[in-house]
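Computed from heavy atoms alone, side chains included, the values below leave out hydrogens, waters and symmetry copies.
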Amino acid sequence: CFNEVAVVRSDLERNVVGTEARLKNDIRQKQQEAFEKISAVEQHVDLRSAEAARRFCALDLRVSGVPGVVDEHKRDIQKLRKEVNGLMVKNASYEVDIQENSDTMRKMEKQRNNDEQNYKVQMDA
């Protein structure tokens with residue numbers, strides 16, 4: 001009887017260790033994915049910002065060099081503003097995704113802690 005209990009206990013301990021390893025691996029993967037997404041967003045924003053600044057400088061030079069085409073420049077500026085607004089919306093969307101991933105990671109960590117506590121309670125009982 002004691003041998004059976006010991007075997008069951010060792011099986012349960014191995015299962016818990018395996019589950020913890022999988023959860024830790026999953027958390028690391030999710031964290032890595034979040035970091036990769038953040039990096040990609042930052043690179044995208046940097047590229048778009050540099051491009052927008054370059055376009056804005058080019059636009060500024062055109063306005064100062066050719067005062068007779070103000071309407072064309074106004075359209076270009078409006079277009080750039082729309083692009084910047086679109087980028088800001090995309091950036092906000094990426095921030096929401098990052099926050100959701102962070103929340104998911106926190107939930108997983110909380111669940112893992114609850115599982116550990118439940119396991120401890122079951123082992124003590």
Does atom CZ (Arg28) have a neighbourhood of more than 12 heavy atoms from anything else shown, all under 6.0 Å? no
Count the heavy atoms of every other residue, nucleotide or ligand shown that sit under 6.0 Å from CE of Met123, and state whether that count exceeds 12. yes
Test your reading of the model: is there a side-chain donor-acceptor pair from Ser39 to the backbone of Phe35, 3.5 Å cut-off? no
State, without any angle test, whether Asp103 and Gln99 hold a side-chain donor-acceptor pair at a distance under 3.5 Å. yes
Enter the distance from Met105:CE to Glu33:CD here, rounded to the nearest 0.5 Å. 10.0 Å
Val8 with Val16, same ILVMFWY side-chain cluster at under 4.5 Å: yes
Run Asp11 and Arg14 through salt bridge (Lys or Arg N to Asp or Glu O under 4.0 Å) and show every step you take. CA-CA 5 Å; Asp11 286 343; Arg14 272 187 269 127; 2.5 Å; yes
List the steps, then state whether side-chain contact (heavy atoms from CB on, under 4.5 Å) holds for Leu80 with Arg55. CA-CA 8 Å; Leu80 286 173; Arg55 283 182 172 180; 3.6 Å; yes
Answer yes or no: is there a donor N or O on one side and an acceptor on the other, between the side chain of Thr104 and the main chain of Glu100, under 3.5 Å? yes
For the residue pair Gln111 and Asp115, confirm or rule out a side-chain donor-acceptor distance under 3.5 Å. yes
CD1 of Ile27 to CD of Gln32, rounded to nearest 0.5 Å, is 14.0 Å
Worked check of side-chain contact (heavy atoms from CB on, under 4.5 Å) between Asp26 and Met108: CA-CA 9 Å; Asp26 288 348; Met108 288 175 67; 3.9 Å; yes
Paired with Arg48, the side chain to side chain contact (heavy atoms under 4.5 Å, CB included) test is passed by just one of Gln43, Lys90, Glu83, namely Glu83
Does the side chain of Leu47 reach to within under 4.5 Å of the side chain of His44, using non-hydrogen atoms? no
What do you reckon, is CD of Glu36 surrounded by more than 12 foreign heavy atoms closer than 6.0 Å? yes
Are Asp97 and Lys37 close enough that some pair of their side-chain heavy atoms sits under 4.5 Å apart? no
Leu12 versus Arg9: any side-chain heavy-atom pair under 4.5 Å? no
Is any side-chain heavy atom of Asn114 less than 4.5 Å from a side-chain heavy atom of Gln117? yes
Tell me whether Val45 shares a hydrophobic cluster with Tyr94, the cluster being built from Ile, Leu, Val, Met, Phe, Trp, Tyr side chains joined at under 4.5 Å. yes
Can you tell if the side chain of Lys79 reaches within under 4.5 Å of the side chain of Arg75, non-hydrogen atoms only? no
Could you walk me through whether Glu116 and Asn113 pass the side-chain contact (heavy atoms from CB on, under 4.5 Å) test, one step at a time? CA-CA 5 Å; Glu116 286 177 1; Asn113 290 336; 3.9 Å; yes
Stepwise side-chain contact (heavy atoms from CB on, under 4.5 Å) check, Leu23 with Glu20: CA-CA 5 Å; Leu23 284 174; Glu20 285 178 349; 5.7 Å; no
